[in-house]
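It should be emphasised that the depicted structure is a prediction, and the values quoted were computed from it without experimental measurement. These numbers come from the heavy atoms of this one structure, side chains and all, not from hydrogens, waters or symmetry mates. Counting convention: from 1, in listed order, for ligands and their atoms alike.
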Amino acid sequence: MDTSQMTHIQDEFDVSLETVEDARSLQDLKVRYLGKKGRVTGLMKEMKNLSNEERPAYGQKVNELRRNIEASIEEKSAEIEAAALEERLKNETIDVTLPGRKFNIGSQHPISRIIEDIEDFFIGLGYEIQEGYEVETDYYNFEALNLPKSHPARDMQDTFYISEEILLRTHTSPVQARVLEDRKGKEAVKIICPGKVYRRDSDDATHSHQFTQIEGLVVDKNIHMSDLKGTLELFAKEIFGTEREIRLRPSFFPFTEPSVEVDISCFKCKGAGCNVCKQSGWIEILGAGMVHPNVLRMAGYDPDEYSGFAFGMGPDRVAMLRYGIEDIRHLYTNDLRFINQFKQTEDGGENVESI
Ligand code: PHE
């Protein structure tokens, strides 16, 4: 039996294997030697031409050759896989020493902050927070508040109408009307209602077509003007400083009677007169009054049994006064140079200047 051919094949295979570097060429090599028309397979086919005596020894030799080649291929395959894994791991390495990316931490908008402060104060007095709808009906925005269709006082609030009956609320007072109606004339009410309101004003330093209001409403048995005054006095001291005083001036709102404008003593000049209070020593801060009997009646409350007070204030104005903001438009144009001045640090947030 001539085994030199086998040795030759083995040598050639070994040389070829040396040059293999990836799974694909390894596969090609495998086909060339072990595939259907491969060289080892060719040797197997020779068996039929051999004599019975020669065949077993020959068969054994060819099998040995095949096993050798199979083992080498397997070994090479494992090597290639290991190398590929290594390469992938190398590419995926994370450099834990790299500095982290800095985030721009946002901060609370001055209006949100004022609203939260005011909410906190009233929650402390046992008020609930109620929100209404920015898109309202004419009925709740006006009629239920004692402002029938042709009432001249509607002119006080220039309105964006969506249709004849639907509008963008001009104040937060419709929430009063809705809550009173919901409570069905029986339960006491003690709520504040923060939210956005809209008016057809031309924007300038003190007017914006969109702004915020906070409405307050208390309805119960035996509620008097003195309750309103005491509540607002506490409010002024809490929000503007303990030395503040308030002053009530007669005014008119269709949904309150009597109605008042409420001023606080100027926190800047303490009453002496300055640019903030326009030399008067007083700053107008909100509108208020005793809930009009018609409003109570329309919502199902008996005005002989129940009474209440309501007030409405503008957090925008409070923010402007508190932070000395001269133009209301700053509150709505979202200029980061403006907004970033209100960043808080006390909440633990990092103060990163925006780029
Ligand atoms: N709704 C009034 C306004 O927007 C403010 C107000 C509310 C007055 C409640 C009195 C009572 O001008």
Side-chain angles (χ1 to χ4, degrees), residues 111 115 118-119 122 127 129-134 136-148 151-160 167-181 189-201 206-220 223-225 227-232 235-236 246-264 283-296 298-299 301 303 306-318 328:
I111 294 182
I115 290 178
I118 296 175
E119 281 176 354
F122 282 104
Y127 286 65
I129 297 176
Q130 283 280 340
E131 285 186 6
Y133 306 110
E134 287 172 34
E136 254 302 356
T137 60
D138 184 276
Y139 178 77
Y140 289 109
N141 195 78
F142 289 129
E143 283 187 58
L145 295 167
N146 202 28
L147 273 148
H151 199 289
R154 283 192 177 210
D155 285 354
M156 287 163 75
Q157 304 184 355
D158 229 342
T159 311
F160 286 116
L167 44 77
L168 295 184
R169 68 177 178 194
T170 54
H171 51 177
T172 41
S173 302
V175 189
Q176 282 191 37
R178 283 184 177 276
V179 171
L180 285 174
E181 196 183 76
V189 176
K190 200 169 173 186
I191 53 166
I192 55 161
C193 328
K196 294 196 191 85
V197 301
Y198 303 85
R199 290 197 196 168
R200 275 184 59 178
D201 272 331
T206 53
H207 296 86
S208 167
H209 60 283
Q210 178 208 300
F211 55 103
T212 54
Q213 278 195 340
I214 296 187
E215 187 88 5
L217 173 71
V218 175
V219 170
D220 205 343
I223 298 290
H224 305 287
M225 190 92 179
D227 297 312
L228 170 64
K229 195 174 174 208
T231 304
L232 294 179
F235 163 76
I246 62 165
R247 174 176 87 169
L248 308 187
R249 284 180 292 113
S251 183
F252 171 78
F253 298 103
F255 30 90
T256 46
E257 181 60 36
S259 301
V260 289
E261 266 341 310
V262 182
D263 301 337
I264 56 161
I283 303 170
E284 187 187 321
I285 197 80
L286 50 85
M290 301 307 290
V291 181
H292 197 290
N294 286 351
V295 173
L296 290 171
M298 270 185 278
Y301 282 81
Y306 282 92
S307 55
F309 65 77
F311 54 86
M313 65 180 95
D316 309 48
R317 189 163 152 71
V318 175
I328 192 171

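Closer than 4.0 angstrom to ligand 1 sit non-hydrogen atoms from Gln157, His171, Ser173, Gln176, Arg199, Gln213, Glu215, Phe253, Phe255, Thr256, Gly287, Ala288, Ala310, Phe311, Gly312.
Residues Phe122 and Phe235 bring their aromatic ring centres within 6.0 Å. Proximity of the aromatic rings of Tyr198 and Phe160 is defined here by a centroid distance below 6.0 angstrom, and this criterion is not met.
In this structure, Phe252 and His151 have parallel ring planes: the angle between them is below the 30° cut-off, well short of the 60° mark.
Residues that satisfy the ring-ring contact (aromatic ring centres under 6.0 Å, His included) test with Phe309, not counting sequence neighbours, are absent from this structure. Considering only residues two or more places apart in sequence or on other chains, Arg247 meets the salt bridge (Lys or Arg N to Asp or Glu O under 4.0 Å) condition with Asp263. Among residues two or more places apart in sequence or in another chain, the salt bridge (Lys or Arg N to Asp or Glu O under 4.0 Å) test is passed with Glu284 by Arg249.
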